[in-house]
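Notes for the one structure printed next.
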Amino acid sequence: MSIIRKAVIPVAGLGTRFLPITKAQPKEMLPLVDKPVIQHVVEEAIRAGVDSIVLVTGRGKQAIENHFDVAYELEDTLQRRGKTEDLQTVRGVTALSQFAYVRQGEPLGLGHAVLCARHAVGNEPFALLLGDDVFAEEHPALESLVAAYERTGKSVVGVQEVPLEHVSRYGIVNAPKDATTVWDVTRIVEKPKPADAPSRFAVVGRYILSPRVFEHLAALEPGVGGEYQLTDALMELAEEGQLVACPIPAKRFDTGNKLDYLKANVEFALKREDLGADFLAYLREVVK
Ligand code: UTP
């Protein structure tokens with residue numbers, strides 16, 4: 001069994017980059033073909049050996065809780081109509097894992113969202129997955145981070161190289177010349193200007209964190225816009241020599257961004273056995 005038993009997935013953000021759909025609909029429930037983004041993230045955590053999921057939710061996010069709960073009326077109807085396959089699909093979602101929910105009363109930033117999960121996690125290392133970052137399924141991103149944690153005993157941030165003009169959207173870490181295996185993080189800067197970035201390696205939504213991070217989060221002062229930055233607590237871990245970076249080779253989609261969301265849908269649809277060929281034929285017809 002994996003040493004990492006719990007995964008925290010914050011889904012309490014407002015999703016302002018995806019308005020108007022996010023006015024009354026969590027962005028984490030947007031579908032990639034027919035499965036919501038959040039289910040892809042949960043399934044990645046389970047593949048890495050996690051057996052319980054803590055979702056940090058907020059107002060207007062009930063659709064996420066309902067998605068992982070029993071849907072009694074629907075199940076009853078499907079059963080009576082003999083729709084066995086559909087019934088299995090519906091029940092399979094509930095059976096994926098054990099789910100716990102904590103509320104973040106105000107969206108005060110990622111650091112604050114993670115701190116809200118403190119009591120549900122307790123005193124053990126845990127995985128943190130951002131609820132809108134999805135990786136191509138053939139490379140299980142979180143598994144390599146769990147392996148890095150088991151090898152080093154230190155907290156791990158998943159990183160990917162990004163174009164220089166994008167560094168100001170991410171937390172950026174220092175990187176060695178040969179950045180192909182795990183390395184020690186000594187610097188991490190939140191949203192730097194290209195000229196101030198220690199490298200082009202960005203933290204991309206997958207982490208393994210030791211419970212020590214909660215102590216640093218609890219001691220944080222709010223930053224810009226009253227938000228509590230996870231990066232500030234990670235910097236404390238780095239200063240204690242307790243943080244490593246692990247490159248993630250898989251293709252990533254930030255589904256909270258409209259263009260990335262569209263790309264993710266095209267790529268996931270093309271890989272589907274039941275839809276891929278017809279969809280490709282359609283794309284060839286419209287893109288001339
Ligand atoms: P984002 O910055 O992508 O989410 O946070 P956001 O704030 O919803 O997005 P925009 O910029 O307004 O469009 C990454 C993840 O952290 C969660 C979000 O739900 C998302 O899954 N988050 C963010 C929280 O749970 N609480 C927060 O206070 C902020």
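In each ligand, atom 1 is the first atom listed, and ligand 1 is the first ligand listed. By convention here, the first residue in the shown sequence is residue 1.
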Can you tell me if N257 and Y261 form a side-chain donor-acceptor pair at under 3.5 Å?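 No donor-acceptor contact under 3.5 Å links the two side chains.
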
Would [X] count as a polar contact of ligand 1, with the cut-off being nitrogen or oxygen pairs under 3.5 Å?
X	answer
R17	yes
G256	no
D132	yes

Which option, [options], owns the non-hydrogen atom nearest [atom]?
atom	options	answer
atom 29 (C) of ligand 1	G15, G58, A113, G109	G109
atom 14 (C) of ligand 1	V8, L130, I38, T16	L130
atom 1 (P) of ligand 1	E227, E28, K27, K258	K27

State the CZ-CD distance between R59 and E106, to the nearest 0.5 angstrom.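 These two atoms lie 7.5 Å from each other.
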
Could you tell me whether [X] approaches ligand 1 through its side chain, its backbone, both or neither, with non-hydrogen atoms closer than 4.0 Å?
X	result
Q104	side chain
L108	backbone
H112	neither
P10	both

Full working for side-chain hydrogen bond (donor to acceptor under 3.5 Å, both in side chains) between S52 and Q98: CA-CA 5 Å; S52 100; Q98 280 188 294; 5.0 Å; no

Nearest neighbour in protein (non-hydrogen) for [atom]:
atom	result
atom 25 (O) of ligand 1	A12 N, 2.8 Å
atom 16 (O) of ligand 1	L110 CD1, 3.8 Å
atom 24 (C) of ligand 1	G13 N, 3.4 Å

Considering residues, nucleotides and ligands other than E165, do more than 12 of their heavy atoms fall under 6.0 Å from its CD?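 Counting other residues, nucleotides and ligands, CD of E165 exceeds 12 neighbours.
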
Crowded around E239 CD? As in, over 12 foreign heavy atoms under 6.0 Å?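 Yes, CD of E239 has more than 12 neighbouring heavy atoms, counting only those of other groups under 6.0 Å.
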
Under 4.0 Å to a heavy atom of P107 - the qualifying atoms of ligand 1, by number: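 Listed by number with element, the hits are 28 (O).
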
List every atom of ligand 1 that sits less than 4.0 Å from any heavy atom of G131, numbering the atoms from 1 in the order shown and giving each element.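 Here the atoms of ligand 1 in question are 21 (O).
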
Between the side chain of E75 and the main-chain N/O of A71, is any donor-acceptor distance below 3.5 Å?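 Yes, E75 side chain to A71 backbone: donor-acceptor pair under 3.5 Å.
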
Would you say K61's side chain and V56's backbone share a donor-acceptor pair under 3.5 angstrom?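 No: the side chain of K61 does not pair with the backbone of V56.
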
Under 4.0 Å between a Lys/Arg side-chain N and an Asp/Glu carboxylate O for D133 and R252?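 So D133 pairs with R252 through a salt bridge.
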
Classify the angle between the aromatic ring planes of F268 and H40 as parallel (below 30°), tilted (30 to 60°) or perpendicular (above 60°).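 Aromatic pair F268/H40 classed perpendicular.
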
Please lay out, stage by stage, how R47 and E44 fare under the test salt bridge (charged side-chain N to carboxylate O under 4.0 Å, His left out). CA-CA 5 Å; R47 279 203 303 279; E44 183 193 328; 5.6 Å; no

